[in-house]
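Below is one structure, written out as structure tokens, with a few remarks after it.
In the text below, chain A, chain B and the rest are named by the order of the sequence lines, each starting its count at 1.
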Amino acid sequence: MEEQSEATQQPQGELAKGYEHREVEARWYRVWKERGYFHGDERDRTRPAFSIVLPPPNVTGSLHLGHALTATLQDILIRWKRLSGFNTMWLPGTDHAGIATQMVVEKELKRTEKKSRHDLGRAAFLERVWAWKEQYGSRIGQQHEALGACLDWERERFTMDEGLSRAVREVFVRLHEEGLIYREKKLINWCTDCRTALSDLEVEHEEGHAGELWSFAYPLVSPAGGLAEIVVATTRPETMLGDTAIAVHPEDGRYAALVGSKVRHPLTGREIPIVADAILVDPKFGTGAVKVTPAHDFNDFEVGRRHGLEFLTVIGFDGKMTAAAGPVAGLDRFEARKEVKRLLAELGLERGAKANPMALGRCQRSQTVLEPLLSDQWYVKIAPLAEPAIRAVEEGRTRFVPEQWTNTYMAWMRNIHDWCISRQLWWGHQIPAWYCPDGHVTVARETPVACSTCGTTTLRQDEDVLDTWFSSGLWPFSTMGWPDRTETLKTFYPTSVMETGHDIIFFWVARMMMMGIHFMGEVPFKTVYLHPMVRDSKGQKMSKTKGNVIDPLLVTEKHGADALRFTLAALTAQGRDIKLADERIDGYRAFANKLWNASRFALMNLEGHVDGGGDPIGQARTPADRWILARLQRAVNETVEALEAFRFNDAANTVYHFVWHELCDWYIELSKESLNGDDPARKAAAQAVLVHCLKSSYLLLHPFMPFITEELWGVLRRRVAASAWPDSIMEGRYPTVGLVDEAAERAFAPVLGIIDAIRNIRGEMNIAFKVALGQETPVHVAVTDAATHALLLAGESKRVARLTHVENLQLHLAAATPRMPQSTVGVGVGFEVRVPLAGVVDVGAETARIDKELARVDADLRLIEGKLSNPNFVARAPAEVVEKDRARVEELRTTKLKLINHRAVMSGADQPTEEKTMENNTPNPSVTPAPAQPVGEKVEQAATAVVEAVKAEAVKLEQQMEKRAAPTIRKARKAVAKARKAVKKGVANARRAVKKGVAGAKKAYKKAGKSFSRKAPSKAGKRPVKKVAKKKVAKKAKKK
RNA sequence: GGGCGCUUAGCUCAGCGGUAGAGCAUCGCCUUCACACGGCGAGGGUCGUAGGUUCGAAACCUACAGCGCCCACCA
């Protein structure tokens, strides 16, 4: 705990001027770990459990930003739940990643020693892999620590450690006993490069591969039905050496007579039967005759089974043609393709070729074109396992977030094929099956002494290993000690959330569901949250081959782990990929700095403050204090709600906005009045509120930015000498949802509005009050509401003055400020601000400014008035919407009138005498001397001037509106013309009808499973054009 | 071939039935005693196109276009 004391030694009230993440982040992780904050207590049943298992990264890999995202989101959930009183447990671990790891080590072996794994032999090679694992396995842990992930390291597991291997054998044996694991010789996807079988999922389909459909003729042994040959087409000419049938459709008249007869293989002389198969053959495609290669094509394999055909293997596991391939034996399969084409052409049997874009299956790992080959493999019979996993989701026992993934999951599960689980690799769980010389199979948990069938003791274990995903599929319970019934399982299974990328829904999520339900009798997780993919700033997928993989450690070093975490969270919106740009991370680093400095400000202003945790100075709170507390509660509510719904971006943005733009930009500035003032009660209140807001901000932010919040928590805690604050923020309590003091928000809104208005005038007119005009330049503020007026009098006006750098603020309780010819004005709901600028104000500029404001107000007004004048709106819209609009219209009208008045004054009516206003004008003479009431002619004159100005304004506005409406009118006219034309010719109608009809027909045909012809006539969409056109015009007119 | 997603300000994206938003970038002002990793102000959008539903559509429906992803054994 040396780190702690280091922090403690920091002199009170002093923080470095800027936040240095390197120094702070280096300190805390070990402290947390040593204090045991990361450990979930399996015996604790007093608190609700919240558990997550970390998707295990490849043990020899290195984390990339996708992992950083996973770690960040899960850590956010864990820390948030932890602070909210849950017994949290986050289980880390790594995956042995069969093919990936083996290939890496093989490559290394080749590079350094120029040896293959076969040169070393199985045992020696595996030793190398284990050594590799030991060397690189720890890197992942370090990366997670740098990110601040509070993983329960005491529970760290590896898919090939003893316990998990035991679970794997247990599952294999049980499934085998239940008849759900079987061994069979059938076609599998084979990678000739990796030299292993693959599951369907490991096949990548290359869309639109430029294939060629090449045709050639098989001569009939004995010509019949007027035919001497049958022409077939293929994308893989080399497989013709393995053809053992020609298939035609049973109802195809062209070939009816030939079924049962034979063709002669032009290259090997074999006789091949012609069979009828309705499933394989579409008589309308090509020539209607199909060559059948049962040993090298999945469809043909089925045909072979149906018709009892010979399975002739002509391509070997090495991708070279076998001896059975006759003239091309020994050639590589792609070479053989060329050679076969040449030979057949030579024989005069080529019958043309055409381009044929096709999907090509490639190995996910090596990108090699896969070869369907016959071999003995182990399979999991998946349908009986899938069914309960489907039901669990249907019944809502597990739900997907975002919801759309439910469909993806369901579609795959409902169309699932048996899972090939054996791999011809060395690195992995060796299959617990033993063979005796007679070929009997013994499946057992431990090495058996004798064959279970014949009793012989010469047994040989199956050399293959299991698919990596077989062990990963058990992860949620194998890591918790299964098959033993451990306390950990009882407490933390099922896990609360599975958080991972959507790219492994099938590979992993689906399999965990099936295995979890089957062996635990309960779903492995209640919620599956699928995060977006992280891409680079150009939107490209990060991959080693592209070289755009970013090591999170480099980012944390540069910007800080907190900044990276916050960025990832802020960008994690549902249903969209994350494009990570450096500037964005830097922006959030600035945010950390902002928080740091807000705290620094607090430390400088807290002398004497003791936080007892209670609320001793409630009465002294100013409206500003109450306002920020209301805003805090609102932020808390929104943050918690967002987290509950996994809307990480909303949660992050809410806290960000509160801390920076409300706490820092507004409250801290406002609080300076109290903190620097001479009222001790107010000062104490401001201190308490500030401390409370900062403390709450740290807690709210802690899941996102654990390091800086922990550091600041400690610093502030020591400063306020609070016994109520736990040592570490990790023992704190997350703020809870509560009622927002809306009255406090409302009451303070005018103050904020007035400040905005004054700042707006300054900014717009580029006025530096102090510099250009001296300190006495008065700023007049008139408010219509007595309560607001009282509030300002009671001290809030001082805040206004401070925040706007105005020294001479004149407050009036009135509908409007005193008139003065050369001035500038700002208007808001319930107040008006005026700055006299005799000799300085640029009348032209000010008029322009007011015009701009007027145009804006007027646009709004027109819109809402238009709505309100629509009887349908008033009648059908919800009452509160209408009410809201009515109130808004009143506000806008008032504002407009004030602006028009002001403008009139600006442009010449230098002695306006009567205020045109729609509000109650109840001047309070004790505060503001009522303006002297002018009399006689002058009144008349001034009034006329005002009226004239208003009239001029109206004309101008009308012109403006006309201009605005012009495009609409033009459009409407166009529509009329178009409609006339359409009526005359009926063209538009016909077009629409045809289009609609075609679409409908297309759908109908598709539904019927038939091909679609464009000739289909249609009766749909026969709406008379005249009506359509009229309606259109009417609508446009209405809009106007 | 089937399915899913996306198209909103210069860029990256929120919003998903009631007055078009954020961050960054841009422009102007401010070196004010927490922070220039800062403050204040401003400009910038016919919300992909065309129809429809609705009092009201960026949002819901339909079609189309472009981009992206997933699944799939049509020779």
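- K579(A) has its NZ atom 13 Å from the P atom of C6(B), to the nearest Å.
- U8(B) and U46(B): their P atoms are spaced 12 Å apart (whole Å).
- Here the separation of U31(B) from G38(B), taken at their C1' atoms, is 10 Å to the nearest Å.
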Residues Y409(A), R414(A); criterion side chain to side chain contact (heavy atoms under 4.5 Å, CB included); working and verdict
CA-CA 9 Å; Y409(A) 169 87; R414(A) 288 186 172 132; over 6 Å; no
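- For the C1' atoms, the distance from G52(B) to G17(B) is 16 Å, rounded to whole Å.
- Of the candidate nucleotides A14(B), A34(B), U19(B), U19(B) has the atom nearest to the side chain of R888(A).
- Among the heavy atoms of the strands, none lies under 4.0 Å from L571(A).
- Between the CG atom of L694(A) and the C1' atom of A34(B) there is a distance of 11 Å, rounded to whole Å.
- As rounded to whole Å, 17 Å separates atom P of C67(B) from atom CG of D577(A).
- Comparing G15(B) with G51(B), their C1' atoms sit 25 Å apart, to the nearest whole Å.
- Within 4.0 Å of V281(A), counting heavy atoms only, lies at least one base atom of the nucleic acid.
- Nucleic acid contact class of P878(A) (heavy atoms, under 4.0 Å, all strands): base.
- Comparing the same atom, C1', in A25(B) and in C11(B) gives a spacing of 7 Å after rounding to whole Å.
- Looking only at distances, a side-chain donor or acceptor of R799(A) sits under 3.5 Å from a matching main-chain atom of L670(A).
- When each of V874(A) and R589(A) is assigned the nucleotide of RNA chain B with its nearest heavy atom, R589(A) is the one assigned upstream, toward the 5' end.
- In this structure a side-chain-to-backbone donor-acceptor pair under 3.5 Å is present from D562(A) to I708(A).
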Pull out every protein N or O sitting under 3.5 Å from an N or O of nucleotides 38-42 of chain B, one pair per line with the distance.
residue, atom, partner, partner atom, Å
G38(B), O3', K594(A), NZ, 2.9
G39(B), OP1, K594(A), NZ, 3.3
G39(B), OP1, W660(A), NE1, 2.4
G39(B), OP1, D665(A), OD1, 3.2
G41(B), O3', N760(A), ND2, 3.4
A42(B), OP1, N760(A), ND2, 2.9

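- Within the nucleic acid shown, E669(A) comes within 4.0 Å of at least one base atom, counting heavy atoms only.
- One P atom belongs to A20(B), the other to C33(B), and the distance between them is 40 Å to the nearest Å.
- Taking atom C1' on both nucleotides, G45(B) is separated from G2(B) by 37 Å, rounded to a whole Å.
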Writing each nucleotide of RNA chain B 5' to 3' as (, ), [, ], | or . by Watson-Crick or G-U pairing under 3.5 Å yields ((((((((.[[[[.)..(..]]]].(((((.......))))).....[[[[[..)....]]]]])))))))....
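- Between L530(A) atom CG and C4(B) atom C1' there is a gap of 13 Å when expressed in whole angstrom units.
- Here the side chains of H559(A) and D582(A) are in contact, with some heavy-atom distance below 4.5 Å.
- No cation-pi contact links R362(A) to W190(A), judged by a cut-off of 6.0 Å to the six-membered ring centre and 45° from its axis.
- With R236(A) as reference, E371(A) is the one residue of E212(A), H296(A), E371(A) to meet the side chain to side chain donor-acceptor pair (under 3.5 Å) rule.
- Of the residues near RNA chain B, L663(A) and L863(A), the one whose nearest nucleotide (by heavy atom distance) lies more toward the 5' end is L863(A).
- Counting non-hydrogen atoms under 4.0 angstrom, A598(A) reaches a base of the nucleic acid.
- Remark: the K291(A) side chain and the T293(A) side chain contain an N/O donor-acceptor pair separated by less than 3.5 Å.
- Distance CG (N676(A)) to P (U32(B)): 16 Å, rounded to an integer number of Å.
- Checked by atom type and distance alone, the side chain of D252(A) never pairs as donor or acceptor with a backbone atom of V248(A) at under 3.5 Å.
- Using a 4.0 Å heavy-atom distance criterion, R236(A) is classed as making no nucleic acid contact.
- Within the nucleic acid shown, A359(A) comes within 4.0 Å of at least one base atom, counting heavy atoms only.
- Here the C1' atom of nucleotide C37(B) and the NZ atom of K17(A) are 11 Å apart, to the nearest Å.
- Under the 3.5 Å distance criterion, the side-chain polar atoms of E202(A) are matched with a main-chain donor or acceptor of S199(A).
- C6(B) sits 12 Å from C13(B) when the C1' atoms are compared, rounded to a whole Å.
- No close placement of the W405(A) and F400(A) rings is indicated, their centers lying 6.0 Å or farther apart.
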Working for side chain to side chain contact (heavy atoms under 4.5 Å, CB included), residues R802(A) and E669(A):
CA-CA 8 Å; R802(A) 173 187 268 276; E669(A) 294 307 320; 5.8 Å; no
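- L280(A) comes within 4.0 angstrom of a base, heavy atoms only.
- Straight-line distance from the CD1 atom of I504(A) to the P atom of C70(B): 14 Å, rounded to whole Å.
- Y19(A) and N597(A) are not linked by any side-chain donor-acceptor pair at a separation below 3.5 angstrom, with hydrogens and angles left out of the test.
- Atom CZ in F506(A) sits about 7 Å away from atom C1' in C70(B), given to the nearest Å.
- Regarding contacts with the backbone of A34(B), a side-chain N or O of K672(A) is found under 4.0 angstrom from either OP1 or OP2.
- Listed nucleotides: A34(B), A75(B), U19(B). Nearest to the side chain of D282(A): A75(B).
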